[in-house]
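Notes follow once the structure below has been shown.
Worth saying up front: this structure is predicted, and the values here are computed from it rather than measured.
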Amino acid sequence: MTRVAVAVIGVVLLAVLGLAAFWLLGQLIVGVGAFLVGTASVLAGLLKFLLLAGVLCGVVYFVTSSWRRPG
């Protein structure tokens, strides 16, 4: 009877350990995903800023070059 009890406890512990490892892997994947989404968001904001800055600098260059004295 003790062998059966030990075997059942071992199977239960093995199942709990497997589920814990599976949960931990899921948490790791979620963390990596959150990091990637945050990084993509920051890079998208930077891209928008750089595009706006480039357009505004182009407009300023065009306007200032139009007002130069001929010569």
**Study point:** Single-linkage hydrophobic cluster, 4.5 Å side-chain cutoff, L14 and F22 together
**Key:**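 No: no chain of side-chain contacts under 4.5 Å links L14 to F22.
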
Can you list, by chain and residue number, the hydrophobic cluster partners of [X] when the side-chain cut-off is 4.5 Å?
{"X": "L25", "value": "I29"}
{"X": "I9", "value": "L13"}
{"X": "L47", "value": "L51"}

Review point. Is S41 reaching over with its side chain to a backbone N or O of V37, donor-acceptor style, under 3.5 angstrom?
Key: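 Side chain of S41 to backbone of V37: no pair is present.
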
Point to revise | Straight-line distance of L50 CG to C57 SG, nearest 0.5 Å | key: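 Those atoms lie 10.0 Å apart.
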
